[in-house]
Amino acid sequence: MNPSSLTRLDDFTWRIEPSGRMRVPGVLYANEALVGAMDDKVREQLVNVASLPGIVQAAYVMPDAHWGYGFPIGGVAAFDADRGGVVSAGGVGFDISCGVRCLHTGLKRDDLPSLQSRLADELYRHIPAGVGSRGRIHLDEAGMEAMLAGGAEWAVARGWGRPADLERIEERGRMTDPRPEAVSDKAKRRQRDEMGTLGSGNHYLEVQEVETLHDRATAEAFGLAEGDVVVFIHCGSRGLGHQVGTEFLRAMTLAAPEHGLELPDRELACAPIRSELGQTYLGAMRAAINCALANRQILTQLTREVFAELCPSADLRLLFDVSHNTCKVEEHVIDGQPRRLYVHRKGATRAFGPGHPDLPDAYREVGQPVLIGGSMGTASHVLAGNRQAGIQAFASACHGAGRAMSRRRALKSWQGRQLIDELRGRGILVRSPSSKGVAEEAPGAYKDVDAVVDAAEAAGLARRVARLLPRVCIKG
């Protein structure tokens with residue numbers, strides 16, 4: 001994208017002025033280099049999102065933004081149901097409630113050398129990963145309905161975790177108002193044997209060490225210290241979420257004319273929030289969010305089992321769990337007045353600031369943990385929401401590094417086996433059922449996560465707390 005085609009507000013904020021069918025401006029948070037590296041399709045998609053009915057304030061993209069289906073990945077947009085606002089399946093994405101969870105272990109970096117190889121092998125053996133991976137749990141019809149209604153609460157009640165975990169999860173582990181009956185039989189069939197699995201693509205489980213602290217007071221509130229060993233889990237709603245997204249995108253596309261919607265791009269399929277289709281999608285999406293929360297909860301318990309076997313002194317406490325493919329109803333102040341908005345975050349993380357009533361008591365004074373997963377073999381980051389973030393992109397931040405090239409191009413540029421060997425030479429052990437999958441997720445196929453986080457902090461979206469380095473990576 002050519003930065004000269006944008007209005008530069010400051011070094012990290014850029015604006016697309018409303019024109020044509022745009023109802024609001026487009027706003028990009030990034031430095032000049034990151035903007036220049038963004039595909040022109042990001043601009044086109046941002047303009048299209050800004051043209052949707054009922055959109056409020058602006059259409060936003062985060063520093064890690066890249067082209068997606070309809071909405072750019074790294075996109076944020078909020079809609080007012082009272083003013084004709086819409087809900088878009090493309091604005092949530094196919095992997096509904098894909099997110100990141102961080103666990104303390106109670107271990108330090110000096111404990112890792114004797115455990116690293118065994119941890120890599122046992123985590124890989126214990127946690128199913130890869131395309132079509134199946135777990136140890138099989139859900140019958142009643143079990144499926146209960147899981148979609150209960151989320152992580154359902155998992156904890158069945159022994160997959162601790163009640164204390166729920167306080168450290170968005171929505172306390174369960175989205176309200178799900179509609180399991182709105183999820184198709186096909187979507188449910190796809191998920192019957194996939195609970196407790198990582199899947200493929202950029203999903204992973206990593207054992208990491210805290211390399212650097214940037215905000216010691218907030219790090220202390222989060223329970224982080226230099227040299228701590230933590231676990232990041234990145235995955236979502238697996239086949240069920242993908243099926244929900246696929247089916248409702250099709251239904252919204254077909255129904256657009258009856259709702260009087262003229263879409264600038266058919267991939268922006270949406271429905272009025274107040275319509276029957278809009279409400280049905282929201283109910284199915286909330287059920288899929290519960291599926292993802294339950295899945296990460298089960299993966300947490302599987303991880304605890306491995307650590308308990310290899311290192312009984314380890315204590316895997318949940319730091320936080322945050323999703324980055326959702327639409328949630330939130331109250332935001334617009335022009336001095338509180339309004340209930342339907343905030344779409346696609347590849348973007350909610351980043352509530354200090355004092356927000358939805359935060360756990362332990363984090364109320366410092367702000368929400370914002371978990372930024374790096375690409376395979378690169379750093380991850382823990383950030384925290386800012387007080388001023390509530391007026392910036394509806395309290396949102398980036399979610400990762402963001403792809404810099406397609407998976408097809410990555411396959412032509414790297415070989416999986418060679419990457420695994422190179423990472424081993426850097427002290428990072430990778431376990432994966434697919435060397436092709438490793439090549440597709442090569443570190444060089446992504447943007448520089450440190451530069452993305454720098455931009456997010458400089459733009460005031462969140463403040464950095466800690467930088468983490470990977471030591472073991474399990475991926476599909």
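The figures that follow rest on heavy atoms only: side chains count, while hydrogens, waters and symmetry mates do not.
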ask   = Just by modelled atom types, is the Gly236 backbone N or O under 3.5 Å from a matching donor or acceptor in the Asn295 side chain?
value = yes
Rounded to the nearest 0.5 Å, the CG atom of Asp228 sits from the CG atom of Leu468 at a distance of 9.5 Å
_I'd like to know if the side chain of Glu194 and the backbone of Gly239 have a donor-acceptor N/O pair within less than 3.5 Å._
yes
- Query: Does a side-chain heavy-atom distance below 4.5 Å link Ser200 with Lys436?
  - Reply: no
Treating Glu206 as the side-chain partner and Cys473 as the backbone partner, does any N or O pair qualify as donor plus acceptor under 3.5 Å?
no
Leu359 and Gly353 have their tightest heavy-atom pair at CD1-O, 3.4 Å
Between Gln116 and Val472, is a side-chain contact (heavy atoms from CB on, under 4.5 Å) present by the stated rule, with each step listed?
CA-CA 7 Å; Gln116 187 181 13; Val472 171; 3.7 Å; yes
By side-chain hydrogen bond (donor to acceptor under 3.5 Å, both in side chains), Asp358 pairs with (sequence neighbours left out) none
When every non-hydrogen atom of Gly150 is compared with those of Asn290, the smallest separation belongs to N-ND2, 4.3 Å
Check: Under the salt bridge (Lys or Arg N to Asp or Glu O under 4.0 Å) criterion, do Glu440 and Arg403 qualify, and how do the steps go?
Finding: CA-CA 10 Å; Glu440 289 177 339; Arg403 290 200 76 93; over 6 Å; no
Residues at least two apart in sequence or cross-chain that pass side-chain contact (heavy atoms from CB on, under 4.5 Å) with Arg136, listed by chain then number, are His126, Trp160, Leu302, Glu305
Cys102 and Phe232 have their tightest heavy-atom pair at SG-CE1, 3.5 Å
Does the side chain of Arg350 pick up a donor-acceptor pair with the side chain of Thr326 at under 3.5 Å?
no
Open item on the list: Do His242 and Arg190 have side chains that approach each other closer than 4.5 Å (heavy atoms only, starting at C-beta)?
Closed with: yes
### Message
Apply salt bridge (Lys or Arg N to Asp or Glu O under 4.0 Å) to residues Glu153 and Arg172 and explain how you reach the verdict.
### Response
CA-CA 8 Å; Glu153 279 187 6; Arg172 289 170 174 77; over 6 Å; no
Exercise for review: Any chance you could lay out the salt bridge (Lys or Arg N to Asp or Glu O under 4.0 Å) test for Asp421 and Arg424, step after step, and finish with the verdict?
Suggested key: CA-CA 5 Å; Asp421 291 341; Arg424 184 190 298 114; 3.0 Å; yes
Look at the side chain of Ser237 and the backbone N and O of Ile289, then say whether any donor-acceptor pair between them is shorter than 3.5 Å. no
The reported gap from CG in Asp39 to CH2 in Trp67 (rounded to nearest 0.5 angstrom) is 9.0 Å
With sequence neighbours left out, the residues meeting side-chain contact (heavy atoms from CB on, under 4.5 Å) with Pro128 are Ser133, Thr197
Sequence neighbours excluded, the answer for salt bridge (Lys or Arg N to Asp or Glu O under 4.0 Å) partners of Glu309 is none
Those residues at least two apart in sequence (or on a different chain) that pass side-chain contact (heavy atoms from CB on, under 4.5 Å) with Asp165 are Arg162, Gln297, Arg304, Leu318
Checklist entry - Parallel, tilted or perpendicular: which describes the rings of Phe352 and His332, with under 30° parallel and over 60° perpendicular? => result tilted
Residues at least two apart in sequence or cross-chain that pass salt bridge (Lys or Arg N to Asp or Glu O under 4.0 Å) with Lys328, listed by chain then number, are Glu170, Glu171
*Worked check of side-chain contact (heavy atoms from CB on, under 4.5 Å) between Phe222 and Val382*: CA-CA 10 Å; Phe222 289 173; Val382 177; 3.9 Å; yes
Salt bridge (Lys or Arg N to Asp or Glu O under 4.0 Å) filter on Arg340, not counting sequence neighbours, yields none
Closest non-hydrogen contact found for Val42 with Val61 is CG1-CG1, 4.4 Å
If we ignore hydrogens and angles and just use 3.5 Å, is the side chain of Ser406 paired with the main-chain N or O of Arg409 as donor and acceptor? yes
Sorted by chain and residue number, the side-chain hydrogen bond (donor to acceptor under 3.5 Å, both in side chains) partners of Ser432 (sequence neighbours excluded) come out as none
When every non-hydrogen atom of Ala401 is compared with those of Asp64, the smallest separation belongs to O-CB, 3.4 Å
Margin query: Quick check against the 3.5 Å criterion: does Thr105 have a side-chain atom that pairs as donor or acceptor with the backbone of Val229?
Written below: yes
Gly347 backbone acceptor or donor facing Asn325 side chain under 3.5 Å = yes
Please tell me if the side chains of Leu316 and Thr300 come closer than 4.5 Å, counting only heavy atoms from C-beta onward. no
* Asked: Step by step, would you call His344 with Val87 a side-chain contact (heavy atoms from CB on, under 4.5 Å)?
  -> CA-CA 8 Å; His344 295 62; Val87 59; 3.7 Å; yes
In short, ring pair (Phe, Tyr, Trp, His ring centres under 6.0 Å) pairs touching residues 289-330 with sequence neighbours left out are His234-His324, His324-His399
Residue set satisfying salt bridge (Lys or Arg N to Asp or Glu O under 4.0 Å) with Glu220, at least two apart, ordered chain then number -> none
| message | Contact between Val230 and Gln208 at the side-chain level, heavy atoms closer than 4.5 Å - yes or no? | response | yes
Closest non-hydrogen atoms of Ala78 and Val343, given as atom of the first, atom of the second and distance, are CB-CG2, 4.0 Å
Requested in this report: Check whether any side-chain heavy atom of Val231 sits under 4.5 Å from a side-chain heavy atom of Leu205, and report yes or no.
Outcome: yes
pair Leu123-Arg431: side-chain heavy atoms closer than 4.5 Å:
no
Hits for side-chain contact (heavy atoms from CB on, under 4.5 Å) against Ser313, two or more places apart or cross-chain, chain-then-number order -> Leu107, Cys311
Next on the checklist: Quick check on Gln415: does its CD atom have over 12 non-hydrogen neighbours (other residues, nucleotides or ligands) under 6.0 Å away?
Outcome noted: no
key: Lys108 atom NZ, over 12 foreign heavy atoms within 6.0 Å   = yes
Donor on one side chain, acceptor on other, Thr212 and Arg464, under 3.5 Å:
no
- Task: Indicate yes or no: at least one non-hydrogen side-chain atom of Lys475 is less than 4.5 angstrom from one of Val438.
- Result: yes
Go through it in stages, so that I can follow the logic: the residues are Phe248 and Met285, the test is side-chain contact (heavy atoms from CB on, under 4.5 Å), and I'd like the CA-CA distance, side-chain angles, deciding distance and then a yes or no. CA-CA 10 Å; Phe248 278 93; Met285 180 208 66; over 6 Å; no
Donor-acceptor contact below 3.5 Å, side chain Arg296 vs main chain Cys235:
yes
Do any N or O atoms from the side chain of Glu365 and from the backbone of Gly355 form a donor-acceptor pair under 3.5 angstrom? no
Under a 4.5 Å cut-off applied to non-hydrogen side-chain atoms, are Leu148 and Lys188 in contact? yes
Query - Donor-acceptor contact present, side-chain Arg109 to main-chain Val210, <3.5 Å - result: yes
By side-chain hydrogen bond (donor to acceptor under 3.5 Å, both in side chains), Arg189 pairs with (sequence neighbours left out) none
Practice problem: List the steps and the verdict of salt bridge (Lys or Arg N to Asp or Glu O under 4.0 Å) for Arg364 and Asp361. | Solution: CA-CA 5 Å; Arg364 188 78 47 83; Asp361 290 343; 3.1 Å; yes
